[in-house]
2 protein chains.
Amino acid sequence: MTQSDTAQDQAQDQATGTAAETAQTPPAEKKLSRIQQRNRKRIIEAALEVFAQHGYRGATLDQIAKTAGLSKPNILYYFDGKEAIHVTLLNQLMETWLDPLAEMDPNGDPLEEVMAYIHRKVQMSREYPRESRLFANEILQGAPRMKPHLISGLKPLVDEKTEVLRAWMQAGQLATVDPRHLLYSIWATTQHYADFEVQIGVLSPDERDPIDGADAYLDTMFRKLLTP
Amino acid sequence: MTQSDTAQDQAQDQATGTAAETAQTPPAEKKLSRIQQRNRKRIIEAALEVFAQHGYRGATLDQIAKTAGLSKPNILYYFDGKEAIHVTLLNQLMETWLDPLAEMDPNGDPLEEVMAYIHRKVQMSREYPRESRLFANEILQGAPRMKPHLISGLKPLVDEKTEVLRAWMQAGQLATVDPRHLLYSIWATTQHYADFEVQIGVLSPDERDPIDGADAYLDTMFRKLLTP
DNA sequence: TCGTCACTTTACCAAATGGTAAAAAAGCAG
DNA sequence: CTGCTTTTTTACCATTTGGTAAAGTGACGA
């Protein structure tokens, strides 16, 4: 009984099968009028705000429209629908999100490379908290629109960097721990400050910016963990 | 322009001011018929499933009803409305959620007390992933219905345990780190396995249960961090 | 100045959603 | 078995929501 619901439930979210394709920047026409560029950007910005706070199903076009300062039909003039907006947003996000990890240089100093990665991630939480929450929402809700991206984009990158880490550990340049769980713990601790901002706000006693403290704390934590 | 939206947006979510009160177990009548108990439990269980996956706004009464195997009006016979169900769920959750931290004994062995707390939290992610996601959703969306609980329930407990940790550190029984950020990192790393389960699933190569690995990894990580 | 094409608005819709009223069906104490 | 209460179902409803059609407005080159 509960099981059939789950199936039906997914159907609701995954309605459009190859949705990811639908909203990608069309390969042909690249020339967007200035007004097109401006309004598309407005819509994307508004959608980021709304989707990040309410998740896909909880967000409404009216809300996005109002936030963007455009009428709802006008928004549908620029995007094929709610899902297309969300997918476009997610596509853009993937690049931004994978970048810090991609930058970890196999030829750099191991410990400092990892630490730099961590600081980059902390910085992301500070500068792009909405993007972090958008991502968190999508994953929390089962990643119906993002799983393909995770498999095709994130997985290979993680497999690659996991091997780099393993090599560093084997060479004795880094303490030996499970590289995959190491990455998980980096993501968890850094993104936590964006995703659970409200909670942090309630608990942190007037500290100027909790993320400053986070940066220092995480530095010592991961340095202790990884120093051989 | 964007600002007025935010205000209006909150109004949507916080419609019922003192909602927390509304759904609390009425102090007077405690005698619930067997059928009442059974159906209330069913509804709460179904609501947990649905709210955890879609967040408050994304969840629908129809979905909850179907999952519970009851009709929608029948559900409204047992609860005053969607919000009342959510609030009831959140109230129940708070206890469960604070418990592991509350159990941390100021008179126990410092390092082992913290490590035990961590393992308890890992266990929670394994056994109650939906509760973890329900919580994550609520916080992500700005904790409109839970902020009061955070302030009245979580905050005092954290302040108390923070002092315990600080004392242990001052006594040299625990390495000195910011106790608040220590708690944040424990929450982040442990809950991550429930909240980001889908992502973990994509990235973890057929490992039987990633949480087993997590338990071991987090043990070494926090032990290295906290051993004086 | 006019026609054309890009953009925007107005007026709608069908479906979904939270919720209600009241009748019907179960339970159950006597 | 009966009368009363509790529980459930059957119709509804008003609003919201994603989306469309078509009329209107504006920019701009010929």
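Bear in mind that the values here come from a model prediction, so they are computed numbers and not experimental data. Here is the naming used below: chain letters follow the sequence lines, and residue numbers restart at 1 for every chain.
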Got a sec: does the OH of A:Tyr128 have more than 12 other heavy atoms crowding it under 6.0 Å?
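Atom OH in A:Tyr128 is not packed in, count stays at 12 or less.
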By nearest atom, which of the nucleotides C:dA6, D:dT8, C:dT9 is closest to the A:Ser71 side chain?
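The closest nucleotide is C:dT9.
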Hey, does the side chain of [X] come within less than 4.0 Å of [N]'s phosphate (OP1/OP2), counting only N and O?
X       : N     : answer
B:Gln36 : D:dT6 : no
B:Tyr77 : D:dT8 : no
A:Asn74 : C:dT9 : yes
B:Asn39 : D:dT6 : no
B:Tyr78 : D:dT8 : yes

Aromatic B:Phe79 / basic B:Arg40 pairing, under 6.0 angstrom, 45° off normal
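So B:Arg40 does make the cation-pi contact.
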Measure from NZ or CZ of B:Arg126 to the centre of the six-membered ring of B:Tyr193 and say whether it is under 6.0 Å with the direction within 45° of the ring axis.
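Output no; distance or angle outside limits.
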Output a table of nitrogen or oxygen pairs between the protein and nucleotides 28-30 of chain C separated by less than 3.5 Å.
none

Heavy-atom distance under 4.5 Å between the side chains of [X] and [Y], does that happen here?
X        : Y        : answer
B:Ile64  : B:Leu70  : no
B:Leu89  : B:Glu131 : no
B:His149 : B:Trp97  : no

Let me know the distance between [atom1] of [X] and [atom2] of [N], rounded to the nearest Å.
X       : N      : atom1 : atom2 : value
A:His86 : D:dG19 : NE2   : P     : 13 Å
A:Ile75 : C:dC7  : CD1   : C1'   : 14 Å
A:Gln37 : C:dA6  : CD    : P     : 16 Å
B:His54 : D:dT17 : NE2   : C1'   : 17 Å

Shortest non-hydrogen contact from B:Tyr184 to A:Ser204?
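The answer is OH-OG, 2.8 Å.
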Thinking salt bridges, do A:Lys72 and A:Asp62 make one under a 4.0 Å N-O criterion?
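Salt bridge between A:Lys72 and A:Asp62, a charged N being under 4.0 Å from a carboxylate O: yes.
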Between B:Arg208 and B:Asp212, does any side-chain N to carboxylate O distance fall below 4.0 Å?
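Salt bridge between B:Arg208 and B:Asp212, a charged N being under 4.0 Å from a carboxylate O: no.
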For nucleotides 18-23 of chain C, which of its nitrogen or oxygen atoms have a protein nitrogen or oxygen under 3.5 Å away, and what is each distance?
| unit_1 | atom_1 | unit_2 | atom_2 | d |
| --- | --- | --- | --- | --- |
| C:dG18 | OP1 | B:Ala59 | O | 3.3 |
| C:dG18 | OP1 | B:Lys82 | NZ | 3.1 |
| C:dG18 | OP2 | B:Leu61 | N | 2.7 |
| C:dG18 | N7 | B:Lys72 | NZ | 2.8 |
| C:dG19 | OP2 | B:Lys82 | N | 3.0 |

